[in-house]
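Each remark here refers to the structure printed beneath this line.
Owing to the predicted nature of the structure, the values given are computational and were not obtained by experimental measurement. Letters A, B, ... are given to chains in the order of the sequence lines, protein chains preceding strands, and every chain is numbered from 1.
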Protein chains: 2
Amino acid sequence: MTADPVPLRQPAEGPHPASGSAHPASGADVANGARSIRKADRARQVADVLRQQIHSGRCPDPLPTEAELAAEFAVSRNAVREALALLRDEGLIGRVPRVGTYVAQRKYDHDLDSLRGLKETLRGHGEVRNEVRAAVRLVPPPAVANRLALEPGESAVYLERLRYLGDLPLSLDHTYLAPDIGAQILDCDLRSEDIFALIERISGQSLGSADLAVEAITADIHSAATLQAPEGSALLLLERLTYLADGRPVDLEYIRMRGDRITLRNSLVRTAEGNDWRLSPHGVGQSAG
Amino acid sequence: MTADPVPLRQPAEGPHPASGSAHPASGADVANGARSIRKADRARQVADVLRQQIHSGRCPDPLPTEAELAAEFAVSRNAVREALALLRDEGLIGRVPRVGTYVAQRKYDHDLDSLRGLKETLRGHGEVRNEVRAAVRLVPPPAVANRLALEPGESAVYLERLRYLGDLPLSLDHTYLAPDIGAQILDCDLRSEDIFALIERISGQSLGSADLAVEAITADIHSAATLQAPEGSALLLLERLTYLADGRPVDLEYIRMRGDRITLRNSLVRTAEGNDWRLSPHGVGQSAG
């Protein structure tokens, strides 16, 4: 075990320094206007914890008062105010002077472990409906054709759907489908059904696997308007290529989810392989494509 | 199989409509200034495909000319220009008039399937080093204590690290550690080692599993300054609670990753269970905590 001293750029200081003692110091000990970056860090710490409490439904609504939160987190009221301002800017909470702070918006969990359509995922939360903005046959760009293993010039089916939970726009999905399956999907009820369910019904086989890439991007002006989100707000962009059980790629999707509405969740398992701690998913050789 | 007609809000039109024919239409057929939303959609389609090509290293650098891209995607040059503007705003490409368009920045893949530290993940891409901004003992807020199964008032160890790949800040990590393991980690070289590796060395057991939540948020002014990212740029926020093999939670992290630098990747598998298509991760009962 190495025992290099830790090079502390900043002296020991946190939301609640205990320095060997388990007794809380008073919030005032920690507040230090001269260290604006450290105060910003404390606000972020408070915001991170509150954010998770709000998402998990463990946060009282309305929220505790500033004074109560300052005591709970052992930080200054200024740090609490900053933390609440961050969460308000993210659209998670609203604040009414002299009334209090309330949870403005729940987020919905989307499971990253499983291959599941949005309707299936949000079952129990409300009705998922799709506004179908485009549903056409087209010759996709070569990079898309390549992912779907199409011949050059072969057509695909392209869908564009704005997906609501009740009246809440959650995601804007661009979908390219293999032509044989896509042609039949054009005849289906795209307003209320998940594409995954339709693919399984049409192909007569289950989905096998998918490759997923997740990014954070800022909403361009058109995506923002479509999703009824503020311009420049953060979106989760998922690119997902889905294969049938027989290994054929059939469905390439670009999904823009509102960052203030969706949390992606996953469980990870660490497994040993050989001499090295090589790390792998829940099993070995599960990677698709 | 349902056979409802598809309610097309917009008539069939896409980046490259084929309408039953596999022959590409000319780009000019598709361009239509009057349909500004549809043009924006086309720009987004082009940007989505180019983005993935850039990330996967399959995009030539410099990029093809506007005219070449317009032909490849069968869209107007205006749509190409809009698409390139979106990618430039995301910091992915740079454009020099009369010289061309080049890839400004690679993104790095972070595997969502596995429980792996950043240094381990980016092995082969360069040196990961950590600027240690805080490393202290403190009494964590109740919500954090609860996640780590600590007694009320029990102290934890808190770390704040800014993590670089070479000279590139990639992520800002706030970490709360169980007190016994955390105390020993304070004596280790936090500048170059992954916390995961240190936990395994100190505890003498491997990590077991983790629960992960992924969100997209906009960078607040302080996070942006610390990560040297533009204010308001999109960040991936990961909350990860990691358990030892024996099931004890020991490490709660809030990780802010630059959205323009990191792509999270995952492979999903669909499995059947009982009569219903219940969907589960790579195995059954793998969920932790």
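Ion pair A:Glu131/A:Arg191 not flagged as a salt bridge, since none of the NZ, NE, NH1 or NH2 atoms sits closer than 4.0 Å to an Asp/Glu carboxylate oxygen.
Defined by atom type and a distance below 3.5 Å, a donor-acceptor pair is missing between the side-chain atoms of A:Tyr254 and B:Gln45.
Using a 4.5 Å cut-off between heavy atoms, A:Leu172 contacts chain B through its side chain alone, with no backbone atom that close. Proximity to chain A (any heavy atom under 4.5 Å) is restricted, for B:Glu90, to the side chain, taken from C-beta onward. For A:Ser233, the part lying under 4.5 angstrom from a heavy atom of chain B is the backbone only. Looking at B:His55, the atoms closer than 4.5 Å to chain A (heavy atoms on both sides) all sit in the side chain, from C-beta outward. Proximity to chain B is limited to the side chain of A:Leu86, based on heavy atoms less than 4.5 angstrom apart. For chain A, the nearby part of B:Arg147 is the side chain; its heavy atoms alone come within less than 4.5 Å. When heavy atoms are compared at a cutoff of 4.5 Å, B:Leu241 does not approach chain A at all.
When each of B:Ala216, B:Gly259, B:Ala225 is scored by its heavy-atom pairs under 4.5 Å with chain A, the top score falls to B:Ala216. Per-residue heavy-atom pair counts under 4.5 Å with chain A were compared for B:Asp89, B:Leu237, B:Ile262, and the maximum is reached by B:Leu237. Of the listed residues (B:Ala234, B:Pro179, B:Ala156, B:Ala85), the greatest number of heavy-atom pairs within a distance under 4.5 Å of chain A belongs to B:Ala234. The candidate from B:His174, B:Glu215, B:Arg258 with the greatest count of non-hydrogen atom pairs under 4.5 Å with chain A is B:Glu215. Annotation: maximal heavy-atom pairing with chain A below 4.5 Å, among B:Gln53, B:Arg51, B:Gln52, occurs at B:Gln52. In terms of non-hydrogen atom pairs under 4.5 Å with chain B, the most contact-rich of A:Asp220, A:Ile217, A:Leu235, A:Ile221 is A:Ile217.
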* Evaluate the side chain to side chain contact (heavy atoms under 4.5 Å, CB included) criterion for residues A:Leu264 and A:Leu238: first the C-alpha distance (whole Å), next the side-chain angles of each, then the deciding distance (0.1 Å), finally the verdict. => CA-CA 10 Å; A:Leu264 302 173; A:Leu238 279 64; 4.1 Å; yes
* To do: Might you work through the side chain to side chain contact (heavy atoms under 4.5 Å, CB included) test for B:Tyr176 and B:Val157, ending with a clear yes or no?
  => CA-CA 6 Å; B:Tyr176 297 88; B:Val157 165; over 6 Å; no
* Asked: Does the side chain to side chain contact (heavy atoms under 4.5 Å, CB included) test come out yes or no for B:Leu244 and B:Leu207, once each step is laid out?
  -> CA-CA 4 Å; B:Leu244 289 178; B:Leu207 299 176; 4.2 Å; yes
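Of the possible donor and acceptor atoms, none in the side chain of A:Ser223 sits under 3.5 Å from a partner among the backbone N and O of A:Ala219. A donor-acceptor pair is defined here as one N or O able to donate and one able to accept, closer than 3.5 Å; no such pair exists between the side chain of A:Glu154 and the backbone of A:Ala145. Formation of a donor-acceptor pair under 3.5 Å by the B:Asn130 side chain with backbone atoms of B:Arg161 is not found in this model. For the pair A:Glu72 (side chain) and A:Leu69 (backbone), a donor-acceptor distance under 3.5 Å is absent.
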